[in-house]
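Quick caveat: nothing in here was measured; it's all calculated off a predicted structure.
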Amino acid sequence: MAQALPPLARGRVLGAAGALALLLAGTAGGYGYHRDELYFRMLPPAWGHLDQPPLTPLLARSLAAVVDEPWALRLPAVVAACLTVVVVALVARELGGGAAAQGIAAWGAGFGVFPLAFGHVLLTASLDMLLWPVVVLCVVRAVRRSPAWWLAAGAVAGLALANKLLVLALLASLGVAILLVGPRHVLRSPWPWAGVLAVLVVGSPSLLYQALEGWPQLRMGQALGETNADEVRVLVLPFLALLLGPLLVPVWGAGVVALLRRPAWRELRFLPVALGLLVVLTVVMGTQPYYPLGLLLVLHGVGSVPVAEWAARGRVRRGLAIAAVALDGVVAAVVALPLVPLERLGGTPVPEVNQLAADQVGWERYAEQVRDVAVDAGADVVIASNYGEAGALDRYGSGGVPVVSGHNALAALTAPPPAADVVVVVGGQYGWTQRFFERCEVRDRLDNGLGVDNEEQGVPVAVCHDPLEPWDTLWPRLAHLD
């Protein structure tokens with residue numbers, strides 16, 4: 001049975017959350033929309049989409065209807081990041097961590113590289129960053145305190161299904177880890193199975209949508225794997241050091257070691273095993289290398305306890321611990337947030353190491369270039385190769401020319417007018433779509449004017465005439481998942 005919890009270090013924990021809120025709010029308007037934000041604000045309310053459950057797009061579209069600016073769309077990400085700070089501190093407290101441990105947990109969790117990046121931009125990962133640690137904290141409390149916490153874990157996991165089905169990978173990793181190393185006796189209780197039922201009940205809208213639509217997210221995952229797998233499988237292990245920052249590896253590493261070695265924590269040794277299983281699943285899926293972040297944050301909270309104990313043995317050690325967390329946070333902020341002036345960004349390594357930063361640059365300028373070509377050509381329609389291009393034209397205007405895209409969910413939501421003869425084709429699809437037209441001519445190439453190399457920089461803006469087939473035959477060929 002777990003001992004009584006130490007007091008919550010409100011000053012240190014809320015201080016970290018408050019500092020994070022000020023930093024994220026102060027930088028929320030920097031650079032511009034991320035490509036995913038431009039996409040989410042376009043998607044209509046629905047039970048689900050081809051490549052997304054409904055929650056994050058619904059938040060983005062609702063906020064854009066009130067204030068259509070990046071800082072407004074990012075408010076849920078800011079809130080999620082700040083609440084994550086509190087949850088990770090509660091993990092340290094759950095393991096007996098006092099004020100020092102809770103402080104290390106809170107400041108490290110809030111000011112790590114990917115927590116800052118996901119707190120700055122509204123992505124599905126922004127909400128998962130909060131929901132996953134909450135699920136794991138509930139499981140820990142179910143094992144150590146009261147089995148009724150299994151219901152809470154299941155309810156939160158069910159809510160997470162409305163954001164991304166990936167939480168099932170977390171649940172599978174936790175379940176298999178418990179089977180492998182224990183405590184297996186908890187599975188003989190009805191409570192974990194009640195938690196599974198809670199997942200199914202709360203998550204039923206998302207699961208029902210997927211089942212009725214033929215599990216489109218599995219197709220989406222397969223498409224991402226085909227595109228990303230080679231790179232992701234190389235990056236997964238290095239990313240473990242980069243998710244929070246290299247200087248915080250000793251913290252979550254201490255958590256792994258302590259869970260495996262401390263007798264008092266024996267019942268929680270399934271957590272590092274679950275991390276290993278989740279890493280294996282990430283390698284197998286080959287979709288994105290940051291998937292272990294939520295579980296790694298929990299291990300950071302656990303590791304804050306032995307690190308605080310180590311730091312308490314002398315002033316030098318305490319100074320080293322504080323310096324490591326502070327320096328990691330400073331470097332992370334420069335990499336993850338729009339602190340480098342936009343006009344200088346292209347001359348720094350930030351866009352190369354942080355794709356999220358590169359994907360926030362140039363959208364208004366790109367839309368202007370496409371609009372000029374479309375209006376000058378008297379185009380009937382603009383075909384955007386990806387949802388970022390389509391979203392930028394939707395946000396900044398296309399001169400009254402309809403904009404369509406075959407990318408992901410937009411393929412079913414948009415289509416060229418049946419009589420469209422003059423077509424502007426933007427982006428990477430032009431190279432192979434030009435054969436579907438009588439003639440094509442490149443009129444411009446996208447240039448953000450800032451020297452930032454992103455997916456759009458340098459791609460063609462072409463005018464094509466007279467499609468060789470009817471659009472109801474041609475349009476399905478232009479649909480693509482990635």
(message) Under a 3.5 Å distance rule, please check whether S304 uses its side chain to pair with a backbone N or O of A105 as donor and acceptor.
(response) yes
(message) For W71, is the CH2 atom crowded, meaning more than 12 foreign heavy atoms sit under 6.0 Å from it?
(response) no
(request) Please tell me if the side chains of P306 and R262 come closer than 4.5 Å, counting only heavy atoms from C-beta onward. (result) yes
(request) Compare all side-chain heavy atoms of T282 with those of F239 and state whether any distance is below 4.5 angstrom. (result) no
(message) Under a 3.5 Å cutoff, is there a donor and acceptor pairing between the side chains of Q457 and N454?
(response) no
(request) Please confirm whether the backbone N or O of G428 pairs with a side-chain atom of W432, one donor and one acceptor, at under 3.5 Å? (result) no
(message) Just to verify, which of L293, L296, L297, L170 counts as forming a side-chain contact (heavy atoms from CB on, under 4.5 Å) with W132?
(response) L170
(request) Grab the two heavy atoms, one from A198 and one from L151, that are nearest each other, plus how far apart they are. (result) CB-O, 4.0 Å
(request) Check the pair T124 / N163 against side chain to side chain donor-acceptor pair (under 3.5 Å), numbers first and verdict last. (result) CA-CA 6 Å; T124 54; N163 185 58; 5.1 Å; no
(request) Verify whether one side chain among N408 and Q52 offers a donor that lies under 3.5 Å from an acceptor in the other. (result) no
(request) Start with the C-alpha gap between F40 and L73, add the side-chain angles, then the distance that decides, and say whether side-chain contact (heavy atoms from CB on, under 4.5 Å) holds. (result) CA-CA 10 Å; F40 293 152; L73 265 68; 6.0 Å; no
(request) Identify the two heavy atoms, one from D68 and one from Y33, that lie closest to each other, and give their separation to 0.1 Å. (result) O-OH, 2.6 Å
(request) State, yes or no, whether a side-chain contact exists between D394 and L38 at a heavy-atom distance under 4.5 Å. (result) no
(request) Test side-chain contact (heavy atoms from CB on, under 4.5 Å) on L268 and L95 and set out the steps. (result) CA-CA 10 Å; L268 299 181; L95 275 295; 3.9 Å; yes
(message) My understanding is that only residues two or more places apart in sequence, or in another chain, count here; which of them pass salt bridge (charged side-chain N to carboxylate O under 4.0 Å, His left out) with E69?
(response) R395
(message) I'd like to know if the side chain of R269 and the backbone of L260 have a donor-acceptor N/O pair within less than 3.5 Å.
(response) no
(request) Can you see which heavy atom on A157 is nearest to which on V135, and at what distance? (result) N-CG2, 3.7 Å
(message) side chain to side chain donor-acceptor pair (under 3.5 Å) for N386 and E389? Distances and angles first, verdict last.
(response) CA-CA 6 Å; N386 64 54; E389 297 159 359; 3.2 Å; yes
(message) Show the nearest heavy-atom pair for residues P292 and L240, with the distance to one decimal.
(response) CB-CD2, 4.2 Å
(request) Give the minimum heavy-atom separation between T27 and L23, together with the two atoms involved. (result) OG1-O, 2.9 Å
(message) So does A9 get a backbone contact from the side chain of Q102, meaning a donor-acceptor N/O pair under 3.5 Å?
(response) yes
(message) If you compare all heavy atoms of V298 against all heavy atoms of P133, which two are closest, and at what distance to 0.1 Å?
(response) CG2-CA, 3.8 Å
(message) Any side-chain to backbone donor/acceptor pair from N448 onto G451? Under 3.5 Å, distance only.
(response) yes
(message) Between R74 (side chain only) and A28 (backbone N and O only), is there a donor and an acceptor less than 3.5 Å apart?
(response) yes
(request) Name the orientation class of the two ring planes belonging to F114 and F118 (parallel below 30°, tilted from 30 to 60°, perpendicular beyond 60°). (result) perpendicular
(request) Spell out, as yes or no, whether a donor-acceptor pair under 3.5 Å connects the side chain of H407 to the backbone of D482. (result) yes
(message) Can you see whether Y387 engages D51 through a side-chain donor-acceptor pair at a distance of less than 3.5 angstrom?
(response) no
(request) Look at the side chain of E352 and the backbone N and O of P349, then say whether any donor-acceptor pair between them is shorter than 3.5 Å. (result) no
(message) Test your reading of the model: is there a side-chain donor-acceptor pair from R35 to the backbone of Q360, 3.5 Å cut-off?
(response) no
